[in-house]
Amino acid sequence: MEKVAFIINPFSAKKNYQPFLNELIKKVGTPLYYISESIQGTDDFIRDHFDNVDIFVAIGGDGTISTVAKNLISTEKILAIFPAGSGNGFSNETKFSKNLDELLAKINAKKSRKIDTFTVNDRLSINVSGTGFDGKVVKEFEKTDRGFKNYIKVSLKTFFNYKPIKVKFTDEKYQQYNGRYLMLNIANTRQFGNNAYIAPNASKSDGLVDMVLVKKFPLTYSALFAYRMFTKKLKDDDYVTYLPVSEIEFKVNTKNWHLDGEFNKIKSPIHVKVQPSSLNILV
């Protein structure tokens with residue numbers, strides 16, 4: 001398997017990457033791989049092998065995938081994925097499964113297509129990023145052992161104590177949406193992960209992202225919100241607003257963000273911009 005590199009996040013999938021690596025070596029022989037323990041290490045590995053590799057395979061969750069992807073933006077290099085995270089939102093949306101034979105067949109076929117990405121104050125995001133409630137949840141979630149059950153526990157605990165954020169838009173045509181929100185999300189694809197569809201109509205190849213504004217809702221609405229999110233039926237209503245945009249600027253009174261599920265501190269004003277057809281991905 002020439003011109004293919006595998007980048008493994010050893011902290012994903014409960015730190016149990018060895019079975020994957022054993023199977024990879026059994027099926028491929030002597031693959032080029034790197035076990036990464038830092039973003040800088042991943043960046044250095046990709047830079048060192050950039051000229052001799054056509055397909056870079058990210059083994060990890062959305063954060064790992066985003067780290068690899070940022071080195072491939074606006075190039076002809078191809079991103080491939082073996083999902084090994086807690087949510088795997090982006091890999092779900094790009095149809096990568098935990099089947100190594102299937103992945104190797106795709107690699108051998110070497111078919112790819114371009115998809116959009118976007119930036120939040122020049123920081124790359126490929127899937128869904130946000131601030132407010134879910135930014136706080138990610139911050140607290142990173143203190144746990146991760147996993148879907150812990151995510152639900154942290155979400156419930158945070159919800160009852162969380163004060164809405166204040167959002168103020170720069171462009172006059174969006175100022176009608178100024179106000180207080182439980183959370184604000186920027187969605188390039190449809191889901192956070194774990195099949196939780198925050199933006200069921202989002203497309204990763206239309207030159208737009210869906211800005212999702214969610215007002216704090218009463219407990220009586222929470223079951224309906226959850227039902228709609230997990231059945232791809234969330235829509236505009238009294239608590240949820242969708243704004244498809246290619247670029248937008250606003251201020252928000254918190255620095256707590258998540259970018260593809262990874263906690264970040266980002267200072268206002270916030271500038272979101274789509275990068276159309278900027279990432280080449282294996283299909």
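All values below were derived from every heavy atom in this structure, side-chain atoms included, with hydrogens, water molecules and symmetry-related copies excluded. When a residue number appears, it is its place in the shown sequence, counting from 1.
Put simply, the side chain of D171 gets close to the backbone of K173: a donor and an acceptor are under 3.5 Å apart. Remark: the backbone N or O of I126 is paired with a side-chain donor or acceptor of N188 at under 3.5 angstrom. No side-chain donor-acceptor contact under 3.5 Å links T119 to the backbone of N121. The backbone N or O of A187 lies less than 3.5 Å from no partner atom in the side chain of N185, so there is not a single donor-acceptor pair. Within the 3.5 Å criterion, the main-chain N or O of A196 finds no donor-acceptor partner in the side chain of N194. Remark: the backbone N or O of Y242 is paired with a side-chain donor or acceptor of D236 at under 3.5 angstrom. Between the E249 side chain and the P269 main chain, no donor and acceptor come within less than 3.5 Å of each other.
Between the side chains of N92 and Y197, not a single donor N or O lies within less than 3.5 Å of an accepting N or O. Looking at S278 and S74, their side chains never bring a donor and an acceptor atom within 3.5 Å of each other. The closest side-chain donor-acceptor pair between S112 and N280 falls under 3.5 angstrom. For the residue pair N22 and Q18, a side-chain donor N or O sits within less than 3.5 Å of a side-chain acceptor on the partner.
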For residues 59-73, dump all side-chain donor-acceptor pairs below 3.5 Å to protein atoms at least two apart in sequence or in another chain.
| unit_1 | atom_1 | unit_2 | atom_2 | d |
| --- | --- | --- | --- | --- |
| D62 | OD1 | F90 | N | 3.1 |
| D62 | OD2 | G89 | N | 3.4 |
| D62 | OD2 | F90 | N | 3.4 |
| D62 | OD2 | N127 | ND2 | 3.4 |
| T64 | OG1 | N9 | ND2 | 2.8 |
| S66 | OG | D260 | OD2 | 3.1 |
| T67 | OG1 | G63 | O | 3.0 |
| K70 | NZ | D43 | OD1 | 2.7 |
| K70 | NZ | D43 | OD2 | 3.0 |
| N71 | ND2 | D43 | OD1 | 2.9 |
| N71 | ND2 | T67 | O | 3.0 |

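Within a 6.0 Å sphere centred on NZ of K216, other residues, nucleotides and ligands contribute more than 12 heavy atoms. The environment of E172 atom CD is sparse: at most 12 non-hydrogen atoms of other residues, nucleotides or ligands sit within 6.0 angstrom.
Between I266 and V120, the closest heavy-atom pair is CD1-CG1, 3.9 Å. Heavy atoms only, all atoms of each residue included: M211 and I248 are closest at CE-CG2, 3.7 Å. Contact record, A202 with R190: O-CG, 3.5 Å, taken as the closest heavy-atom pair. Of all heavy-atom pairs spanning V4 and L32, the tightest one is O-CB, 3.7 Å. The two residues R180 and K215 make their nearest non-hydrogen contact at O-CG, 4.1 Å. Here the closest heavy-atom approach between residue E102 and residue S97 is recorded as OE2-OG, 3.2 Å.
At least one side-chain heavy atom of R123 sits under 4.5 Å from a side-chain heavy atom of N264. Residues F250 and Y174 are not in side-chain contact: their nearest non-hydrogen atoms beyond the backbone lie 4.5 Å or more apart. Side-chain contact check for M183 versus L213: every heavy-atom pair is 4.5 Å or farther apart. Y221 has its side chain within reach of Y239: a pair of non-hydrogen atoms, C-beta onward, lies under 4.5 Å apart. Inter-residue side-chain proximity for K265 and N256 is flagged as met; some heavy-atom pair is nearer than 4.5 Å. Side-chain atoms of F6 and I55, non-hydrogen and from C-beta on, never get closer than 4.5 Å to each other. Within the 4.5 Å cutoff, side-chain heavy atoms of N88 are placed close to those of K98. Residues Q275 and L124 are in side-chain contact: their nearest non-hydrogen atoms beyond the backbone lie under 4.5 Å apart.
The pair D54-K110 counts as a salt bridge, with a side-chain nitrogen and a carboxylate oxygen less than 4.0 angstrom apart. A salt bridge between D237 and R228 is present, with a side-chain N of the basic residue lying under 4.0 Å from a carboxylate O of the acidic one. At a threshold of 4.0 Å, the pair K114-E76 counts as salt-bridged, since one of the basic side-chain nitrogens sits closer than that to a carboxylate oxygen. Remark: K204 does not engage E93 in a salt bridge, criterion side-chain N to carboxylate O under 4.0 Å.
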Would I165 and T131 satisfy side-chain contact (heavy atoms from CB on, under 4.5 Å), going step by step from the backbone distance to the final call? CA-CA 9 Å; I165 56 173; T131 187; 4.0 Å; yes

Stepwise side-chain contact (heavy atoms from CB on, under 4.5 Å) check, I281 with I81
CA-CA 9 Å; I281 193 160; I81 301 163; 4.2 Å; yes

Practice problem: Might you work through the side-chain contact (heavy atoms from CB on, under 4.5 Å) test for D116 and S277, ending with a clear yes or no? | Solution: CA-CA 5 Å; D116 303 335; S277 303; 4.2 Å; yes

_side-chain contact (heavy atoms from CB on, under 4.5 Å), that's the test. Do V283 and K106 meet it? Break it down for me._
CA-CA 7 Å; V283 296; K106 284 185 176 184; over 6 Å; no

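In this structure, CG on L282 lies 8.5 Å from CG on L79, to the nearest 0.5 angstrom. We find the OG-OH distance between S36 and Y17 to be 11.0 Å, quoted to the nearest 0.5 Å. To the nearest 0.5 angstrom, T42 atom OG1 is 11.0 Å from I8 atom CD1. To the nearest 0.5 angstrom, D51 atom CG is 10.5 Å from K3 atom NZ. A distance of 6.5 Å separates OG1 of T117 from CG of L279, quoted to the nearest 0.5 Å. Here the straight-line distance linking atom NZ of K232 with atom CD1 of I198 works out to 15.0 Å at 0.5 Å rounding.
Counting only residues at least two apart or in different chains, ring pair (Phe, Tyr, Trp, His ring centres under 6.0 Å) contacts with residues 40-84 comprise F20-F82, Y34-F45, F45-H49.
Ring pair F133/Y162 is perpendicular by interplanar angle, where above 60° counts as perpendicular and below 30° as parallel.
Clustering ILVMFWY residues whenever any of their side-chain heavy atoms sit less than 4.5 angstrom apart, transitively, puts L184 in a cluster other than the one holding L208. Under the 4.5 Å side-chain contact rule for hydrophobic residues, I35 and V53 share a cluster.
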